[in-house]
Amino acid sequence: MHMLLVMLTGLLLLAVFALLGKLWGADAASIMLAVKYFIPAWLAVALVNMWVGVHKAGYTVAQELPILLVNFAVPAALALGLVWWLGRA
């Protein structure tokens, strides 16, 4: 359940970045730039989530690493898909 909530948070953050890009420049290029900035920001959030799992919840790095990969990969893949889709427009 926690993984699902983290991924949904990532999608919400992606939507916020895309909206800020739209408000900033009102064209596809500014949205693409904002979404590209989302990826390192989301990596930082996912790494903090992993750190909390290791240091506070008592999991090992080996247990948390696959969760980190899934939590990061799903929103990042959607972000890259959005960049690709906007690039075609």
Side-chain angles (χ1 to χ4, degrees):
M1 183 66 177
H2 180 75
M3 278 182 63
L4 180 62
L5 291 175
V6 171
M7 285 186 278
L8 288 175
T9 302
L11 297 178
L12 180 65
L13 187 63
L14 173 61
V16 168
F17 269 70
L19 179 63
L20 288 174
K22 172 90 171 143
L23 293 174
W24 188 283
D27 62 348
S30 60
I31 298 171
M32 288 172 54
L33 182 63
V35 169
K36 288 177 185 178
Y37 284 141
F38 161 78
I39 294 173
W42 181 241
L43 178 60
V45 171
L47 287 170
V48 168
N49 181 61
M50 180 180 169
W51 179 84
V52 169
V54 170
H55 287 282
K56 304 291 183 185
Y59 294 107
T60 65
V61 173
Q63 290 171 322
E64 280 288 322
L65 193 58
I67 294 168
L68 167 74
L69 293 175
V70 172
N71 280 340
F72 173 72
V74 171
L78 289 172
L80 291 174
L82 182 60
V83 167
W84 176 78
W85 183 70
L86 288 170
R88 293 183 57 207

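FYI, side chains are in, hydrogens and waters are out, and symmetry mates aren't considered; it's all heavy atoms of this structure. Only a predicted model underlies this, so the values are computations on that prediction, with no experimental measurement involved.
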Pairs satisfying side chain to side chain donor-acceptor pair (under 3.5 Å), at least one member in residues 29-44, at least two apart: Asp27-Ser30
Kindly work out whether a path of hydrophobic side-chain contacts (I/L/V/M/F/W/Y, heavy atoms less than 4.5 Å apart) joins Phe38 to Leu47. yes
Identify the two heavy atoms, one from Ile67 and one from Gln63, that lie closest to each other, and give their separation to 0.1 Å. CD1-O, 3.8 Å
Pairs of donor and acceptor atoms involving the side chains of residues 72-89, under 3.5 Å and at least two apart or interchain, shall be tabulated with distances.
none

Same cluster for Val35 and Leu43 if Ile/Leu/Val/Met/Phe/Trp/Tyr side chains link at under 4.5 Å? yes
Please answer: with hydrophobic residues joined when any side-chain heavy atoms are less than 4.5 Å apart, are Tyr59 and Met50 in the same cluster? no
Check residues 1-24 and write down every donor-acceptor pair under 3.5 Å in which the side-chain atom is one partner and the other belongs to a residue at least two apart or another chain.
unit_1	atom_1	unit_2	atom_2	d
His2	NE2	Asn49	OD1	3.1
Thr9	OG1	Leu5	O	2.7

